[in-house]
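Following: one structure in structure tokens, then a few remarks.
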Amino acid sequence: MSGTPSSQPSVRDPDLSSQQSNSAQIITESGQTVQQPVDNDFAFFQNFKEYVRVITDNEREEVKKFKAAQELSEHLEFIVQNSYYKDFLAYLLDEFLRFIEAGEPIYHENSKAQIRKLVLEIIHRLPRNSDLEPHARKIQSIMFRLVEKENEDCAQVCLRTIHEIHKAFKPANTQEAQDVSTEIRAFLQFVNVSFHNLQTTMTSVLVNENAPSQGPGQREPRSIPKATQSLKVLADLPLQVVFFYQAFQSKIEEDVSKLIRIMINNTLTLHPEPAIKNHEHFVQESFVDFIMVQIKTISFLAFMLKHRPYHEIIEQDSVNFIKGLIACFRWCPAEAPHLRREVIVACRHLVSANQPETLSFRFKMVGFMDELLDESVLIGTGWTNKEGSRTLAYSTLADLIHQVTAADFC
């Protein structure tokens, strides 16, 4: 769709060398220089092309690069309506992907880190349409490589981009499908290692002994953890695995089996020692993130329990699984009622997994009924927990008892 002067925004110029103009100098065959009108869409396109140059130019001042990135981000919805958008998209992706790959991850908050994140967010926000399709595989491949080394903020953007690209564009042929499955298996290795190292990650983030001392008016740059040491990134990974499992089940079955064992025996059995929880530099916000990782793990396992290849694996470690579930109820922070509700929903999925093969799992849950019926464990403390979760929690337990009792009489 072609823009008009009235429909396009006015663009502030961050001291750029190229300016929007309504005419251009054209040299004719006879050598004469004449002024020729330039359509507004083309001028608009050229102006934002210059913004891309500024952002990716390592010689430019960081302030100007950041301002250009902000302008580009703010006006993206107008850019995609431009009649020259397809050409601009190819140019933008070539420059931005080169810029991202050539740059190094940054693990403390500053203008460079903000620019890098803005560039990744712009790529993520690009419409998933036929214009983007020729570039989709390249974008996805680069995002897979970036996830493992980026900081927490950028890695989360990369994961969202991978998800959206894969959802919108299926592999075009057998070779492309093979390439994607190879990348997914490499990604699952990263997921396995991240969950395997959770104890080390937990210990390092729950106690912050290096909190910077700040004087009046001083503000130390925020440290941004690496993706492999980030609880927020770890909490995002199970959903990604579910998504890839649905598309590439036969190719990643072995990797998922390994991950399930790690999750049950390395993730759900973890809990901070009293010495950590009572430490003067204990970080409650990170503890909430840690519980979120465990809850997302339970939701993932509840989903996989419904799939035949994993019944036996989960059944072998079902006692640890159930103990981990109860620990999440017990330690779920009162100030995060949404987490308790998510645990209850995951528990309901476990109860509703009514295949005959999962019946023994539900019988084992009944063995922990005394703890599940303890209101301080199941509902927790706080008015919001009690009012918002009571009905769902007790109806879930009622369903569990009904199913087990009905099976006992069959």
Option from Arg145, Arg116, Lys117, Lys226 for which side-chain hydrogen bond (donor to acceptor under 3.5 Å, both in side chains) with Glu150 holds: Arg116

Parallel, tilted or perpendicular, as decided by the 30° and 60° cut-offs, for the rings of Phe361 and Phe321: tilted

Parallel, tilted or perpendicular: rings of Tyr84 and Phe42 (30°, 60°): perpendicular

N/O donor-acceptor pair under 3.5 Å between His75 side chain and Glu71 backbone: yes

Flag, side chain of Asn151 to backbone of Ile106, donor-acceptor distance under 3.5 Å: yes

Pair Phe244 + His166: ring centers closer than 6.0 Å: yes

Side chain Lys65, main chain Asp57, donor-acceptor under 3.5 Å: yes

Close side-chain approach of Val205 to Phe290, heavy-atom, < 4.5 Å: no

Glu375 bridged to Arg390 by N-O distance under 4.0 Å: yes

Rounded distance (nearest 0.5 Å) linking atom CE of Met143 with atom CG of Leu97: 6.0 Å

Residues Glu371 and Arg330 bridged, charged N to O under 4.0 Å: yes

Check: His281 main-chain N/O paired with His279 side-chain donor or acceptor under 3.5 Å: yes

Modelled atom types, side-chain donor and acceptor of Glu183 and Ser141, under 3.5 Å: yes

Side chains of Arg348 and Thr396, donor plus acceptor under 3.5 Å: yes

Leu350 and Leu400, any side-chain heavy atoms less than 4.5 Å apart: no

Rounded distance [0.5 Å steps], CE in Met263 versus CE in Met304: 9.5 Å

Side chains of Asn265 and Asn320, donor plus acceptor under 3.5 Å: yes

Pair Asn129, Glu133: side-chain N/O donor-acceptor within cut-off below 3.5 Å: no

Heavy-atom check, side chain of Leu378 versus side chain of Asp374, under 4.5 Å: no

Mutual orientation of the aromatic rings belonging to Phe282 and Phe287 [parallel < 30°, tilted 30-60°, perpendicular > 60°]: tilted

Check: Lys364/Ser318 side-chain N/O donor and acceptor closer than 3.5 Å: yes

Arg340 (side chain) donor-acceptor with Phe329 (main chain) under 3.5 angstrom: yes

Distance-only polar pair, side chains of Ser204 and Gln229, donor-acceptor under 3.5 Å: no

Charged tip of Lys49 within 45° of Tyr91 ring normal and under 6.0 Å: yes

Main-chain N/O of Thr267 paired with Gln294 side-chain donor or acceptor, under 3.5 Å: yes

Leu198 side chain reached by Leu231 side chain, heavy atoms, under 4.5 Å: yes

Separation of Gln140 CD from Ile184 CD1 (nearest 0.5 Å): 7.0 Å

Side chain Asn47, main chain Ala43, donor-acceptor under 3.5 Å: no

Between Asp236 and Gln156: side-chain donor-acceptor atoms closer than 3.5 Å: yes

N/O donor-acceptor pair under 3.5 Å between Ser73 side chain and Ala69 backbone: no

Under 3.5 Å side-chain donor-acceptor pair for Tyr51 and Gln70: no

Stepwise salt bridge (Lys or Arg N to Asp or Glu O under 4.0 Å) check, Glu342 with Lys296: CA-CA 9 Å; Glu342 193 162 343; Lys296 294 295 185 183; 2.9 Å; yes

Under 3.5 Å: donor-acceptor pair, side chain of Arg362, backbone of Gln403: no

Main-chain N/O of Gln240 paired with His163 side-chain donor or acceptor, under 3.5 Å: no

Mutual orientation of the aromatic rings belonging to Phe303 and Tyr245 [parallel < 30°, tilted 30-60°, perpendicular > 60°]: perpendicular

Shortest non-hydrogen contact between His196 and Ile262, atoms and distance: N-CG2, 3.7 Å

